[in-house]
Amino acid sequence: MALIQCPECEGKVSDKAQACPHCGCPISLSQEPARPHTPPRTKPPSRMRLPNGFGSISYQGPRRREPYYARKTIGRTPFGKPIQKPIEPKASFKTYNEAYQALIEYNKTPYDKKYETTIAQAYEEWASKYFASKKLSAGRQKAWSDALRACSSIHDKKLWELKTIDLDVAIQESSKSAIIRGDVRSLLIKLYDWALKYEIVEKNYAALTDVVSRPDASINRIVFPNNEVQHLWKMLDMECVDMVLVGLYTGLRPGEICSLQSCNVHLKEHYMVGGSKTEAGKDRIIPIHDKIYNLIAQRTNAGKLFKIGADDVTYNMYAHHFRAIMADMKTKHTPHDTRHTFITKAKQAGIDEYCLKIIVGHAIQDLTENVYTHRTPAELLSEINKVDYGY
């Protein structure tokens, strides 16, 4: 408070007085200047409670440029109080809707998964589901594992950091073998497809790589003439000749012959269950041709159908013995030629086209035949017995 001079009587008067006590003159200076108007603090509109486990959005006040703060509950204290952490890479937003959208994206692919997942971690998650869903054999699983091992230089690299040029280099350095480089590329394409599903990457960069030179796929297949098949029947004392004959009379792939199980052989009904590689070929009915019935019956015991001593026959073992058999016959064939020979002879014998596809495991596109027509094992046996090599 201070004393001022009255403008009327020039007497001393307090600056807080409404009027001069001497003359009654109003003291206008005593009035305080009006303060600027401060709008009341506005509260955000009330909103519906977010779902459990979704996260929370809190309002931090109007003085912040980005007042909406998004957090995610990651656990609880021993006393039950929630432990929250801000979402990453950004937790503050200008509007509630922006914060809500960020929580939606975070819940789709958490930041730590999106930005921290490495090639090795992606393989662990992908392989466990892929192997189970496709029911892959132990050999095929090992092939994928070997492909991962070949690209060890990028095991610890984060998926989102790797671009096409990085993957090109990794594939090129993985092996001198074009086949292994192709396996590595195929694996990386699978992993990036998995990453796309979880929005870890924006595109499949592995599919854009082009450093793998494709080997010439045109292999000259040679059909076994009848005289060679007849000669094989005279060589049954040689290891694996019976497997070659099974291929010639069933059209099974070499790998499918090696994987046949004794428990899947139904001698009374004259058929086996086996096959792999394609959806149409897996666990299909394979009629046992009359000519090889005794060969199959002699082998039926327990476990794998074909063994050498006490060991199950693998593809590599079969291929080794196959080369020895061909050398003894002084002819040149590949293990897959037996399948080509069977299909060629079946066509020449006039086997029903759809029965042939069922026997060899090829897909049937015709809706009526594929869905509404049901072939019996007896019918398939009747058709397969038309194949004749003159023995």
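It should be emphasised that the depicted structure is a prediction, and the values quoted were computed from it without experimental measurement.
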Side chains of Ile154 and Asp166 in contact at under 4.5 Å (non-hydrogen atoms) | no
Using only heavy-atom distances, determine whether the side chains of Asp337 and Thr334 contain a donor-acceptor pair under 3.5 Å.
-> yes
Flag if over 12 foreign heavy atoms under 6.0 Å of NZ, Lys163 | yes
Report yes or no: does Gln141 contribute a side-chain atom to a donor-acceptor pair with the main-chain N or O of Leu136 at less than 3.5 Å?
-> yes
Hey, are Glu173 and Ser153 close enough side-chain-wise for a donor-acceptor pair under 3.5 Å?
-> no
Straight-line distance of Arg375 CZ to Ser382 OG, nearest 0.5 Å = 11.0 Å
Does the pair Tyr123 and Ser145 meet the rule for a side-chain contact (heavy atoms from CB on, under 4.5 Å), with working shown?
-> CA-CA 9 Å; Tyr123 177 83; Ser145 178; 3.8 Å; yes
Side-chain (Gln230) to main-chain (Gly390) donor-acceptor, under 3.5 angstrom | yes
Would you say Asn204's side chain and Ile189's backbone share a donor-acceptor pair under 3.5 angstrom?
-> yes
Enclosure of His155 NE2 (heavy-atom neighbours >12, cutoff 6.0 Å) = yes
Arg221 side-chain N/O to Arg339 backbone N/O, donor-acceptor pair under 3.5 Å | no
In this structure, CD of Glu125 is separated from NZ of Lys129 (nearest 0.5 Å) by 7.0 Å
Hey, is the main chain of Ala143 close enough, under 3.5 Å, to the side chain of Asp183 for a donor-acceptor pair?
-> no
Side-chain donor/acceptor of Ser174 to backbone N/O of Ile171, under 3.5 Å = yes
Ser92 and Arg64, any side-chain heavy atoms less than 4.5 Å apart | no
Do Leu260 and Leu252 pass the side-chain contact (heavy atoms from CB on, under 4.5 Å) test, and can you show the C-alpha distance, the side-chain angles, and the key distance before you say yes or no?
-> CA-CA 10 Å; Leu260 284 172; Leu252 283 165; 3.9 Å; yes
Passing candidate, ring pair (Phe, Tyr, Trp, His ring centres under 6.0 Å) with Tyr249, options Tyr389, Phe342, Phe224 | Tyr389
Just say parallel, tilted or perpendicular for the rings of Tyr192 and Tyr205, cut-offs at 30° and 60°.
-> perpendicular
Check: Arg284 side chain, Ile359 main-chain N or O, donor-acceptor pair, under 3.5 Å | yes
d(Ile83 CD1, Thr73 OG1) to nearest 0.5 Å is 9.5 Å
When you look at CD of Gln121, are more than 12 heavy atoms from neighbouring residues, nucleotides or ligands closer to it than 6.0 Å?
-> yes
Just do the side-chain contact (heavy atoms from CB on, under 4.5 Å) check on Lys291 and Val387 with the steps written out, would you?
-> CA-CA 10 Å; Lys291 291 290 185 180; Val387 173; over 6 Å; no
Got a sec: does the NZ of Lys386 have more than 12 other heavy atoms crowding it under 6.0 Å?
-> yes
Do His333 and Val244 come within less than 4.5 Å of each other through their side chains, counting heavy atoms only?
-> no
Measure from the side-chain N and O atoms of Asp328 to the backbone N and O of Ala324, and report whether any donor-acceptor pair falls under 3.5 Å.
-> no
CA sep, side-chain torsions, deciding dist, call: His362, Ile343, side-chain contact (heavy atoms from CB on, under 4.5 Å) = CA-CA 11 Å; His362 286 168; Ile343 294 175; 4.1 Å; yes
Nearest-0.5 Å distance, CD1 of residue Ile325 to NE2 of residue His231 = 10.5 Å
Any idea how Phe131 and Trp126 line up, ring-wise: parallel (<30°), tilted (30 to 60°), or perpendicular (>60°)?
-> perpendicular
Side chain to side chain, Pro287 and His270, heavy atoms closer than 4.5 Å | no
State the OH-CZ distance between Tyr100 and Arg47, to the nearest 0.5 angstrom.
-> 11.0 Å
Between Ser262 and Arg299, is any side-chain donor less than 3.5 angstrom from a side-chain acceptor?
-> no
Is a side-chain donor or acceptor of Tyr69 paired with a backbone partner of Pro86 at a separation under 3.5 angstrom?
-> no
